[in-house]
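Chain naming here is simple, since letters A, B, ... match the order of the sequence lines and numbering starts at 1 in each.
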Amino acid sequence: MTNTYFINNDLSSITIKVTISTPGFAVSKIDKEIQASSTEDIAGSPVDGIGDVPETIIGNANMLNNCIIETDTIIELQDIVPQEEWQSCFKNLVCTYIFTGGSHGTQTFNCDPDDKKNSTSGTIITVSKRIQLVNK
Amino acid sequence: MRRIIILIFLFCSSACLCFAQQQIGLQNLKTPNAPGFQILDIAPSSIEKPTNPKEFALSVFNLSNNGTALPKNFAFEISPYWLFKPADENVYKYLNLDTKKGAVTQGNSTGGILRKLSISFASSFNDSTTGSLLKNTNYVSFGARTNIITINGNKRIGALTTAFKTMHTEIMKAGFKSGGGVSDPDSIEATLKNSRAYQQAVASLTIPPLFQLDGAFAVSEAFANNEYKKHRFNRSGIWLSATLSAAALSKTKNDNLSFIFLGRIIWDNALIDTTGNLLQRKNAYDFGGKADYSIGRFSISIEHLNRIYSGNNIHNSNRTVGTLQYKINDSFYITGTYGENFGTANNLITLLGINWGLGNSPLSAVNKK
């Protein structure tokens, strides 16, 4: 599901911060989709397995109208979390996407059930969160 | 041969499942080892290797023994931690590690107390006197267990640090598309399975912690003829088990020798006369140990416990049980247990069971997404 974050047509810096809460090994990456065929890497999580992305500037608000910010996270559970808990990890996964600099200031988005997928065995979880920046 | 064994067990399992509620998934069924069963001396093992609790697991024990199903013979286990969505959980906290100052070190050793807390309920009904259990009595028990202390050891910490770096690199390559977006989870899993570097890294994660201290407590009531009016206190207990793993010291990766030491205090309404079903309140102390060796798919263990009753050594007894376990694949384990239980009457233990965890396998229609 694509959410909307309203921004002004000004020079305000728009930032994003991602936090992932899971006992699994997580890796995240943020892309900026300027047009349907053009994407740009924004940031990624450090090499630590936590999956969090520290506060990162996406750009100035007046340059971001209709851009889609897509945050993808991959979580591995194999040999970290017991197999019988994989479904619980999938069900109880918490991902928050915190935007600042927009029309309504700081706004927090959470991952929705349809943002999450898991592999047939359950060991791999993916989360894709798309948030569109729109001039108000 | 392996397929035949699986088919036989699936057939038996499906017969048992007919008694279970429809919303209970196949992967939630396993032979019980919860404190609720251990307090009744009917669990396959009285000294369990450290494990993690499940959000909700239902165990079916001995369903075919007397033709009845739930609720007379059941066990379920729940982990309260999974009922709440923790907002700041990560892999390091879960594994009792820390990443302060950029280096991976031993974290909060007691961090597993809430994370790995599990609560269990169990019931066992016997139509004949077995061990310390009277015939035609339904024993209902409540138990809890958790991990109190985990010390990872330098070998495990070093292996995890190296493994995490490799995993990050390989997941980036396998999962993220060059033009943005993420691949299908099944595709990522398949790619990672074919990555030798990744599989070697993941294998490092199986090195057990150097030391673990687990605690449990349980209380049980007995209901003669399964009637509430005839209930009485049966037994309660509190116990600690300490596990020392040689794998955290050795250089090889595919085998592990562990030693588990157990101490337990039991407040018992003990059966002192089997012919007259005479009971007497007594305190008992269990102490003993278990040696467990696993290599590849196979594991063998032997445990011995002494039970000493305070003030009267006539009823002292021992429990000596051997267990063989064979892992058919990631989902199926066959477990065989043989030995002598506590008590003097009908104290032979022979259990053959299967543990399974099918995840989202299509075999489990009720859980299919």
Counting only non-hydrogen atoms closer than 4.5 Å, does [X] touch chain A with its backbone (N, CA, C, O), its side chain (CB onward), both, or neither?
X         : value
Leu160(B) : neither
Lys93(B)  : neither
Ser183(B) : backbone
Leu95(B)  : side chain

- Task: Decide yes or no on side-chain contact (heavy atoms from CB on, under 4.5 Å) for Phe176(B) and Ile74(A), but give the supporting numbers first.
- Result: CA-CA 9 Å; Phe176(B) 296 109; Ile74(A) 300 171; 3.8 Å; yes
Looking only at non-hydrogen atoms, find the nearest pair between [X] and [Y] and report the distance.
X         : Y         : result
Leu205(B) : Ile80(A)  : CD1-CG1, 3.6 Å
Ser119(A) : Pro185(B) : N-CB, 3.5 Å
Lys29(A)  : Lys177(B) : NZ-O, 4.2 Å

Would you say the side chain of [Y] lies within less than 4.5 Å of the side chain of [X], judging by non-hydrogen atoms?
X         : Y         : value
Ser128(A) : Val182(B) : yes
Pro23(A)  : Arg115(B) : no
Tyr94(B)  : Thr22(A)  : no

Check each atom of [X] against the heavy atoms of chain B and say whether the ones under 4.5 Å are side chain, backbone, both or neither.
X        : answer
Ile30(A) : neither
Cys95(A) : neither
Asp72(A) : both

Is the closest side-chain donor-acceptor distance between [X] and [Y] under 3.5 Å?
X         : Y         : value
Thr123(A) : Glu189(B) : no
Glu76(A)  : Tyr198(B) : yes
Ser21(A)  : Asp88(B)  : no

- Just wondering, are more than 12 heavy atoms of other shown residues or ligands nearer than 6.0 Å to CD1 in Ile57(A)? no
If I take atom [atom1] from residue [X] and atom [atom2] from residue [Y], how far apart are they, to the nearest 0.5 angstrom?
X         : Y         : atom1 : atom2 : value
Lys193(B) : Ser121(A) : NZ    : OG    : 5.5 Å
Asp48(A)  : Asn90(B)  : CG    : CG    : 8.0 Å
Ile171(B) : Thr73(A)  : CD1   : OG1   : 11.0 Å

- Query: Once the angle between the rings of Phe25(A) and Phe164(B) is folded into 0 to 90°, is it parallel (under 30°), tilted (30 to 60°) or perpendicular (over 60°)?
  - Reply: tilted
Please identify, among [options], the residue contributing the most non-hydrogen atom pairs under 4.5 Å to chain B.
options                                 : result
Gln78(A), Glu40(A), Arg130(A)           : Gln78(A)
Val47(A), Asp31(A), Val94(A), Thr126(A) : Val47(A)
Ile50(A), Ile75(A), Asp52(A)            : Ile50(A)

- Test Thr120(A) against Asp186(B) for side-chain hydrogen bond (donor to acceptor under 3.5 Å, both in side chains), laying out the working first. CA-CA 6 Å; Thr120(A) 306; Asp186(B) 281 319; 3.0 Å; yes
- Message: If you apply the rule side-chain contact (heavy atoms from CB on, under 4.5 Å), what do you find for His168(B) with Ser45(A), and how did you get there?
- Response: CA-CA 10 Å; His168(B) 181 95; Ser45(A) 57; 4.1 Å; yes
